[in-house]
Amino acid sequence: MAVLDAIAARPASWHHGYELLLSTRLKSGSMYPILIRLCAQGLLESAWEDDAPPGRPTRHLYRLTGAGKELVASMQSSRLPTIRLRAQGAT
Amino acid sequence: VIVLAAVAVVAVAIVGLRRRRADGLAASLLRAMHEHSTGAQQAWIAAMLAEYESIDDRRVRRGFARGCLWAALRHPSPDRGTKALRAAVVVPIAAAGVLAVIGLVRYPWVRAGSWWSLYLVGFVGALMACGVVWWIGARLSSRTAALVGITLAPATLASSWMAMRSASSSSIAFALLPAGLPAIAVLLITHRDRSRDRAAAAALCGAVAVSLLFFIGAVATTYLSPTPRNAAMLAEFAKSGAPDYRTWVVADNLSGATVMLALLAMAGLASGIIAAVARAPRRRVS
């Protein structure tokens with residue numbers, strides 16, 4: 001969930017593994033198995049970056065696929081009523 | 001003295017590796033795994049290593065590498081040989097467990113007093129450690145692990161049989177003999193190919209193979225062969241309070257084999273590491 005949320009914040013962009021690590025605050029030992037599963041399920045696509053900065057290795061990038069975007073959208077819509085109820089309770 | 005020396009050698013080797021390599025142990029193991037994995041698993045480890053290279057902070061890099069190593073070890077290997085080999089360690093671990101349970105059930109006096117539970121905890125811990133170390137070694141180089149296991153088995157089992165059947169002075173010599181076998185395995189394995197990962201796999205798997213097989217051989221010999229008698233043993237038995245001589249011998253040998261399980265694992269690892277450091281490692285693992 002946390003990984004999908006982090007990627008869904010900028011759904012069209014490619015994300016580095018370490019960037020996801022910082023935004024989700026997961027450990028690499030937890031995050032990579034999640035990334036592996038999401039890719040295997042077809043929710044994420046991965047690619048090697050084309051234009052690595054000089055002196056830096058080429059890194060792996062991750063982005064939501066169509067199916068991943070649909071899943072995130074359905075998750076967000078199912079969460080909306082809860083958020084609305086919380087907001088009503090607060091007022 | 002042997003245990004302390006073995007622990008010291010292993011500790012010095014680990015600290016030396018950490019200091020000498022900017023990479024750290026986890027990253028080195030990750031690189032070795034990358035070299036020996038295939039397909040999707042190799043691609044994922046490559047992705048982890050690329051990310052690792054791009055992190056500047058040394059402490060963060062090391063933490064990241066440790067997590068990645070854990071993730072890579074959990075990732076199912078596509079190599080059937082590695083899978084089979086990792087599973088293969090279950091057989092000797094189960095055999096050791098069954099042999100210990102037979103002793104505890106068939107000779108209840110073995111469970112008298114409070115020491116037996118301490119031995120049991122140590123035994124279970126040693127078995128778990130053996131499983132983990134073998135798992136890592138088989139992942140580094142499955143072919144090396146298989147070769148080492150097959151090569152060391154006859155010598156270790158013969159040594160355990162001789163240790164149980166000999167007089168006390170030569171018995172100790174036969175019991176300690178397998179500690180040097182992982183070093184011989186490393187020397188043989190790296191005879192043509194001096195790669196660090198093959199040497200490491202031989203040291204790790206060699207240590208596990210000799211410790212587990214010695215335990216199995218020693219306890220099986222105790223159960224299956226006639227009970228040896230000599231004056232010193234009879235005197236020890238008389239002081240022990242055991243109900244019969246056979247029970248005392250089983251209790252004595254079970255506890256001795258448990259100590260040897262841990263001792264041979266550490267001493268074997270130490271001898272393997274010394275041989276690996278002396279033999280392999282000019283070439284960096286890529």
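Naming convention: chains lettered A, B, ... in sequence-line order (proteins, then strands); numbering from 1 in each chain.
For B/A43, the part lying under 4.5 angstrom from a heavy atom of chain A is the backbone only. Heavy-atom distances place no part of A/L61 under 4.5 Å from chain B, backbone and side chain included. Heavy-atom distances place no part of B/L49 under 4.5 Å from chain A, backbone and side chain included.
When all heavy atoms of A/W14 and A/E45 are compared, the pair lying nearest together is CZ3-O, 3.6 Å. Nearest heavy atom pair, residue B/A95 against residue B/I216, reads CB-CD1, 4.0 Å. Considering all non-hydrogen atoms of both residues, A/L20 and A/Y62 come closest at CD1-CD1, 4.2 Å.
Per-residue heavy-atom pair counts under 4.5 Å with chain A were compared for B/G63, B/C68, B/A47, and the maximum is reached by B/A47.
Each of A/L4, A/L71, A/L43 was compared with A/L64 under the side chain to side chain contact (heavy atoms under 4.5 Å, CB included) criterion, and only A/L4 meets it.
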